[in-house]
Amino acid sequence: MKRIPEGKVTTYGIIAVELRGSVRAARAVGQALASNPAPVVIPCHRVVCSDGTVGGYCHGIDKKIELLIAEGIEIEHGRVKNLEKVLFRF
DNA sequence: CCCATGACTAATT
DNA sequence: AAATTAGCCATGG
């Protein structure tokens, strides 16, 4: 996650592939972030669902959206706009 | 070891 | 385009 450039985002699935070599581990990835070991230190707010939906955030989904917008990412109706533009694929 | 639970996905309906 | 369904994975009881 520390590799995700500012102003960009990635999806759980992508991380899953990077990590476990399979998109099917996406769910497990979520679990990992859910029990986020280092809140604040890790920019876990730059991770969204493959379909663009924001997903969740330990400090509250709203907070997550604010952070993303603060980084220049457009969000609307709980969805990332221009996902293709800001999506970081590693 | 078995079961239930999610910050997920992809495929159907 | 929205709602459902069915796999999938790590974790905790």
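Just so we're on the same page: letters track the sequence lines, and every chain starts at 1. Side chains included, hydrogens not; waters and symmetry mates left out as well; all remaining heavy atoms used.
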Ion pair present between A:E71 and A:K8, side-chain N to carboxylate O less than 4.0 angstrom? no
From the options B:dT9, C:dA10, C:dC8, select the nucleotide whose nearest atom is closest to the side chain of A:Q31. C:dA10
Distance, rounded to the nearest Å, where A:N36 contributes CG and C:dT11 contributes P: 14 Å
Ignoring hydrogens and angles, answer whether the base of C:dC8 and the side-chain atoms of A:R27 contain a donor-acceptor pair closer than 3.5 Å. yes
Atom-to-atom span, CG of A:L33 to C1' of B:dG6 - whole angstrom: 12 Å
Starting at atom CZ of A:R20, determine the distance to atom P of C:dC9, rounded to an integer number of angstrom. 9 Å
Distance, rounded to the nearest Å, where A:H45 contributes NE2 and B:dA7 contributes C1': 14 Å
Would you kindly give the CD1-to-P distance between A:I61 and B:dC8, to the nearest whole Å? 10 Å
By the 4.0 Å heavy-atom rule, please label A:S35 as base, sugar-phosphate, or nothing. nothing
Can you check the A:Y12 OH to C:dG7 P distance for me, whole Å? 24 Å
So do A:I61 and A:K64 actually touch side chain to side chain, heavy atoms under 4.5 Å? yes
Nearest of B:dG6, B:dA7, C:dC9 to any side-chain atom of A:Y57? B:dA7
Report the nucleotide, chosen from C:dG7, B:dA7, B:dT9, that has the shortest atom-to-atom distance to any side-chain atom of A:S50. B:dT9
Report yes if some heavy atom in the side chain of A:L33 is under 4.5 Å from a heavy atom in the side chain of A:Y12; otherwise report no. yes
How is A:A34 classified with respect to the nucleic acid when contacts are heavy atoms under 4.0 Å: base, sugar-phosphate, or nothing? base
Whole angstrom value for the distance that separates P of C:dA10 from CG of A:L19: 10 Å
Within this structure, what is the CG-to-P distance between A:L67 and B:dA7, rounded to whole angstrom? 18 Å
Within the 4.5 Å heavy-atom criterion, are A:H45 and A:L68 side-chain neighbours or not? yes
Can you tell which of B:dT9, B:dA7, C:dA10 lies closest to the side chain of A:A28? C:dA10
Would you say A:I75 and A:V54 make side-chain contact, with heavy atoms under 4.5 Å? yes
